[in-house]
Amino acid sequence: MLRTYKFRIEPTKEQRERINETLMYCRWLYNALLEQRITAYKKCGVSLTFYSQKKELPALKKVCEEYKDVHSQVLQNVVERLDKAYQAFFRRLKRGEKAGFPRFKGMNRYHSFTYPQSGFSLEGKYITLSKVGTVRIKLHRQVQGIIKTCTVIAKNGRYYVCLSCEMETKTQSTGKKIGVDLGLQHLAITSDGDFYHVPKYLRKSERQLKKLQRIVSRRKKGSNRRKKAVVLLAKKHEYIANQRRNNAHQISRQLVNRYDLIAFEDLKITNMVKNHHLAKSIADAGWNQLVQFTTYKAESAGKRVVLVDPRNTSQQCSSCDEIVKKTLAVRTHRCPSCGFECDRDVNAAKNILKRAVQQLQNVS
């Protein structure tokens, strides 16, 4: 399986300039290739492919010599990114979703470039990047497996590398199963009766965010003061996202260490956030992030995550399967048929686990 490690790097002033120049050239190339595809289809009815555009890169370097300062595979990856954007566009069209045609990239919309096979090497506390140089890396944990790709990211004045590694799956069996109900009063509630608190990082930082946003709105557009204010606001949002990500990592690690089978509801979060009364709270909870982190950790440990139909998990009695109607205000499940009583969310988590086990039995 593939696993990605993200580390912060500390490039010198010259190396930062080279990274920023590489990003600029990659962005120009992406926009030029997108324009080429649009023009070829409109005027000639021809759909350009990844390979047809990739073949033109050597000729591009002869005409535009500045592209000689960019590693060849980094340029090839730009062509691949555009091709993936087109593939995603057509996939959404077939599914009847909002298509979202590939966009031209502005200065604030292109933040990374990738070495897909070669052009980088990790040696101790330094990583060597082709056409950039040897850069100090904060290697806060040991990289495991074989490094396949390296992505350089520039974000809010900081620089990072993401190393994608191929590694073997290590099985750590416990023989236990768990159902997890996701909520707003508690982030995760398990069928064993464990409750994980919702930190509400966004809610706690709203006053600071509003203050920073007012500062941005008062600055003159295009001025240096506005750019500095935008950076401060972006750093605050990044800090909140990092807090939420760290919390999801901790909870997902606990679940994977304890259980072999972890069941979640297959929630349609994009539809749920259309409810304007709950949208901010749902986004602040980070349900999808928790499921994603648990899934990849479970795969690396040889365990399993199952998503089940969320319909009536809160209304159905986990003891006798009787439907007991209740509003959101009712937080305790009481079954008049069998007399079973427990917390509403724990009852839902038990139903989620039962459905996951039945789903696996039907597949097998």
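Just so it is clear, the values below take in all heavy atoms, side chains as well, and ignore hydrogens, waters and symmetry mates. Just so you know, residue 1 is the first one in the sequence shown, and it goes up from there.
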May I ask whether Ile240 and Ile251 are part of the same hydrophobic cluster, defined by side-chain heavy atoms of I, L, V, M, F, W, Y residues being less than 4.5 angstrom apart, directly or through others?
-> no
Do side-chain atoms of Arg18 reach the backbone of Val132 as a donor and acceptor pair under 3.5 angstrom?
-> yes
Linking I/L/V/M/F/W/Y whenever any side-chain heavy atoms sit under 4.5 Å apart, do Leu57 and Trp28 land together?
-> yes
So, the side chain of Gln316 versus the backbone of Val324: is there a donor-acceptor pair under 3.5 Å, distance only?
-> no
Does one hydrophobic cluster hold both Met272 and Leu187, with members joined at side-chain heavy-atom distances below 4.5 Å?
-> yes
Check: Gly183 main-chain N/O paired with Trp287 side-chain donor or acceptor under 3.5 Å = yes
Cluster question for you: counting only ILVMFWY and a side-chain heavy-atom cut-off of under 4.5 Å, with indirect links fine, are Tyr115 and Tyr67 together?
-> yes
What is the minimum heavy-atom distance between Pro116 and Val74, and which atoms define it?
-> CD-N, 4.5 Å
Does the distance from a Lys or Arg side-chain N to an Asp or Glu carboxylate O, for Lys177 and Asp192, drop under 4.0 Å?
-> no
Ignoring hydrogens and geometry, is there a side-chain-to-backbone donor-acceptor pair from Ser52 to Leu48 under 3.5 Å?
-> no
If you take all heavy atoms of Arg3 and Tyr296, which pair is closest and at what distance?
-> NE-CE1, 4.3 Å
Would you find a donor on one side and an acceptor on the other, under 3.5 Å apart, between the side chain of Asp260 and the backbone of Thr174?
-> yes
Which distance, rounded to the nearest 0.5 Å, do you find between the CZ of Phe293 and the CG of Asn288?
-> 9.5 Å
When you check the gap from the basic side-chain N to the acidic O, do Asp284 and Arg244 get nearer than 4.0 Å?
-> yes
Inspect the contact between Arg331 and Asp345 and indicate whether a charged nitrogen and a carboxylate oxygen are less than 4.0 angstrom apart.
-> yes
Please lay out, stage by stage, how Lys61 and Glu56 fare under the test salt bridge (charged side-chain N to carboxylate O under 4.0 Å, His left out).
-> CA-CA 9 Å; Lys61 285 190 173 183; Glu56 297 179 1; over 6 Å; no
Main-chain N/O of Asn257 paired to Lys297 side chain as donor or acceptor, under 3.5 Å = no
Does a side-chain N-to-carboxylate-O contact under 4.0 Å join Lys84 and Glu80?
-> yes
Pair Gln36-Gln53, side-chain donor/acceptor within less than 3.5 Å = yes
His186 backbone acceptor or donor facing Tyr196 side chain under 3.5 Å | no
Say whether Asn351 and Thr313, considering side chains only, have a donor N or O and an acceptor N or O under 3.5 Å apart.
-> no
Asn347 side-chain N/O to Ser318 backbone N/O, donor-acceptor pair under 3.5 Å = yes
Between Lys354 and Asp321, is there a salt bridge with N-O shorter than 4.0 Å?
-> yes
N/O donor-acceptor pair under 3.5 Å between Ser130 side chain and Gly119 backbone = no
Going by the angle between their ring planes, with limits at 30° and 60°, are Tyr86 and Phe90 parallel, tilted or perpendicular?
-> tilted
Keeping the roles fixed (side chain from Lys350, backbone from Thr190), state whether a donor-acceptor pair exists under 3.5 Å.
-> no
Partner of Ser164 by side chain to side chain contact (heavy atoms under 4.5 Å, CB included), out of Ile147, Thr149, Ile146, Thr114 | Thr149
Is the shortest side-chain N to carboxylate O distance from Glu10 to Arg158 below 4.0 Å?
-> no
